[in-house]
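Have a look at the structure below before the remarks.
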Amino acid sequence: MESFPKIISVDDHTVEPPHVWRDRLPSKYRDTGPRIVRAPLKEMTFVGGRFAPKMGAPGDEGPLADWWIYEELHRPLTRLDTAVGYDRDEVKLEAITYEQMRPGSFSVPDRLADMDVNHVQSALCFPTFPRFCGQTFTEAADRELGLLGVRAYNDWMVEEWCGPEARGRLIPLIIIPLWDAELAAAEVRRNAARGVRAVCFSEIPPNLGLPSIHTDDWDPLLAACDETGTVIAMHIGSSSRMPSTSADAPPAVGSTITFANCCFSMVDWLMSGKFERFPNLKVMYAEGQIGWIPYILERADVVWEENRGWGGVADKVLRPPSELFAEHVYGCFFDDAFGLRNLDAIGVGNVLYETDYPHSDSTWPKSREVGEAQMGHLAPDVVDRIVRGNAIELLGLTADGLWAGAPGA
């Protein structure tokens with residue numbers, strides 16, 4: 001392509017520095033809130049979609065790693081959290097320290113430099129330790145501390161990660177206390193007041209022991225998002241379970257079908273009636289790719305047309321699901337030539353681009369080259385919409401593609 005637009009990535013990740021909760025929690029919680037310790041790795045497995053690390057005691061054999069400690073949780077930093085800069089064959093299931101990761105994973109200046117290398121102007125970043133929808137705090141026993149942990153993360157995200165040093169190039173994405181929809185709604189409104197327009201949510205909440213979106217339990221949260229223009233961002237794995245086929249399936253099985261949770265989730269939303277009740281609501285699926293979407297829309301429309309009488313949706317889903325998708329749902333991809341060849345069946349306005357920095361699937365530092373190769377058959381105005389225009393509109397960015405709430409914006 002003669003000129004490829006500067007990328008706005010709607011799915012990158014931040015690895016939180018050790019000080020996030022240490023510096024922002026009340027002093028009485030600083031020894032019990034999330035904190036980093038260095039300890040050996042005793043054992044770590046990832047089979048059947050389940051990640052299971054075991055921390056060793058001081059003096060035990062095993063590679064040293066930096067671990068987040070919080071109540072009963074012991075979670076190491078892993079190479080899969082930050083794989084960019086390493087040969088793909090060197091990326092293994094291993095625990096690491098901060099010194100062993102690329103500084104752009106946790107440092108704003110280094111992140112901006114790596115974005116420059118990758119032709120990326122702006123980026124929306126999902127969490128690591130809180131996990132993709134903040135479920136770490138939902139699973140904790142101490143709800144008071146959990147709520148403070150959520151708010152501390154959001155304050156760090158807005159004030160530091162997306163603060164003056166980022167110059168509007170990092171776009172804030174908050175987490176919420178998933179155990180209480182009223183508290184979640186309040187957190188959405190608190191952050192919307194300072195310009196935040198995106199919130200993490202689980203693709204399949206019942207997998208976290210939470211109500212499904214077919215109930216009314218989430219309505220306070222959905223109303224807050226509807227009123228403030230806050231996008232509901234769902235990342236693959238945000239139900240704490242990656243898709244797999246069996247308890248002994250190797251990670252390659254889940255990696256091939258990572259889109260499956262997004263697929264199930266999208267059908268849930270399209271058949272829930274929520275888009276009828278909350279007409280301004282927007283949802284996006286990070287890292288779910290887009291090639292599977294056309295068939296699901298076709299099938300959903302057939303079911304709605306032929307089976308809605310007995311299918312339990314006739315009184316709440318009043319239009320074909322494909323129409324609801326066009327108005328409310330966005331698919332996100334980083335590498336999906338098939339989906340781009342079938343863009344007409346998805347919708348130019350419903351597709352967003354991402355780089356997945358610094359994860360093992362990331363196209364960094366060649367996201368531009370990948371985009372040029374896969375979008376070469378598309379008109380320049382279509383490429384511009386996919387690579388940046390749709391994100392600007394959805395996330396309420398400035399015309400230049402920067403976070404509108406950034407200091408000095």
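Computed over heavy atoms, backbone and side chain alike; hydrogens, waters and symmetry mates excluded. Heads up: numbering here begins at 1 and tracks the sequence.
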Under a 4.0 Å threshold between the charged nitrogen and the carboxylate oxygen, would [Y] count as salt-bridged to [X]?
| X | Y | result |
| --- | --- | --- |
| Arg194 | Glu159 | yes |
| Asp110 | Arg102 | no |
| Asp66 | Arg75 | no |
| Lys274 | Asp219 | yes |
| Lys6 | Asp384 | no |
| Glu327 | Lys282 | no |
| Glu393 | Arg388 | no |
| Glu187 | Arg151 | yes |

The test is side-chain hydrogen bond (donor to acceptor under 3.5 Å, both in side chains); show your working for Asn390 and Tyr330 and say whether it passes. CA-CA 9 Å; Asn390 290 337; Tyr330 295 78; over 6 Å; no
Partner of His328 under ring-ring contact (aromatic ring centres under 6.0 Å, His included), chosen from Phe278, Phe275, Tyr285: Phe275
How are the rings of [X] and [Y] set relative to one another: parallel (under 30°), tilted (30 to 60°) or perpendicular (over 60°)?
| X | Y | answer |
| --- | --- | --- |
| His13 | His359 | parallel |
| Tyr353 | Phe333 | tilted |
| His119 | Phe4 | tilted |

Side-chain heavy-atom pair [X], [Y] within 4.5 angstrom cut-off:
| X | Y | answer |
| --- | --- | --- |
| Val382 | Leu343 | yes |
| Trp21 | Pro130 | yes |
| Ile36 | Trp67 | no |
| Glu287 | Asp361 | yes |
| Asp335 | Asp356 | no |
| Glu160 | Arg24 | yes |
| Ile204 | Pro206 | yes |
| Trp68 | Thr136 | no |

Work out which heavy atom in [X] is nearest to a heavy atom in [Y]; give both atom names and the distance.
| X | Y | answer |
| --- | --- | --- |
| Ala95 | Leu41 | CB-CD2, 3.9 Å |
| Thr363 | Asn118 | O-OD1, 4.3 Å |
| Leu270 | Pro321 | CD2-O, 3.6 Å |
| Trp218 | Ile213 | CD1-CA, 4.0 Å |
| Val329 | Met266 | CG1-SD, 4.0 Å |
| Thr78 | Ile96 | O-CD1, 3.6 Å |

Determine whether a donor-acceptor pair (N or O, by modelled atom type, separation under 3.5 Å) exists between the side chain of [X] and the backbone of [Y].
| X | Y | result |
| --- | --- | --- |
| His235 | Asp11 | no |
| Ser9 | Thr355 | yes |
| Asn342 | Ile293 | no |
| Ser362 | Val84 | no |
| Trp403 | Arg169 | no |
| Ser265 | Glu203 | yes |
| Glu71 | Ala141 | yes |
| Glu16 | Pro127 | no |
| Gln121 | Asp400 | yes |
| Tyr153 | Ile174 | no |

Examine Phe106 together with Tyr98 and report whether their ring centres are nearer than 6.0 Å. yes
Measure centre to centre between the rings of Phe137 and Tyr70, then say whether the value is under 6.0 Å. yes
Sorted by chain and number, sequence neighbours left out, side-chain contact (heavy atoms from CB on, under 4.5 Å) with Glu43 holds for Thr45, Lys54
Atom [atom1] of [X] and atom [atom2] of [Y]: how far apart are they, to the nearest 0.5 Å?
| X | Y | atom1 | atom2 | answer |
| --- | --- | --- | --- | --- |
| Asn261 | Asn207 | CG | CG | 7.0 Å |
| Phe259 | Ile257 | CZ | CD1 | 7.0 Å |
| Asp114 | Ser105 | CG | OG | 8.0 Å |
| Ile290 | Asn350 | CD1 | CG | 10.0 Å |
| Thr228 | Arg197 | OG1 | CZ | 6.0 Å |
| Ser122 | Met115 | OG | CE | 5.5 Å |

Going through the checks in order, is the side-chain contact (heavy atoms from CB on, under 4.5 Å) test met by Trp269 and Ile232? CA-CA 12 Å; Trp269 280 89; Ile232 294 177; 3.9 Å; yes
For the pair Asp248 and Ser246, evaluate side-chain hydrogen bond (donor to acceptor under 3.5 Å, both in side chains) and give the outcome as yes or no after the intermediate values. CA-CA 5 Å; Asp248 58 351; Ser246 63; 2.7 Å; yes
Are there over 12 heavy-atom neighbours, none belonging to Glu72, within less than 6.0 Å of that residue's CD? no
Should we say atom CG of Asp87 is surrounded by more than 12 heavy atoms from elsewhere, each under 6.0 Å from it? yes
Run the numbers on Ile296 and Phe264 for side-chain contact (heavy atoms from CB on, under 4.5 Å), then give the verdict. CA-CA 10 Å; Ile296 293 300; Phe264 300 157; over 6 Å; no
Run the side-chain hydrogen bond (donor to acceptor under 3.5 Å, both in side chains) check on Gln100 and Thr97 step by step: do they pass? CA-CA 5 Å; Gln100 292 172 296; Thr97 65; 3.3 Å; yes
Option among Val196, Ile8, Leu402, Asp12 that satisfies the side-chain contact (heavy atoms from CB on, under 4.5 Å) test with Ile171: Ile8
Go through it in stages, so that I can follow the logic: the residues are Arg319 and Leu324, the test is side-chain contact (heavy atoms from CB on, under 4.5 Å), and I'd like the CA-CA distance, side-chain angles, deciding distance and then a yes or no. CA-CA 7 Å; Arg319 290 186 292 152; Leu324 298 174; 3.4 Å; yes
I'd like to know whether Cys225 forms a side-chain contact (heavy atoms from CB on, under 4.5 Å) with Val199, so could you lay out the CA-CA distance, the side-chain angles of the two residues, the decisive distance to 0.1 Å, and finally the verdict. CA-CA 9 Å; Cys225 293; Val199 60; 4.0 Å; yes
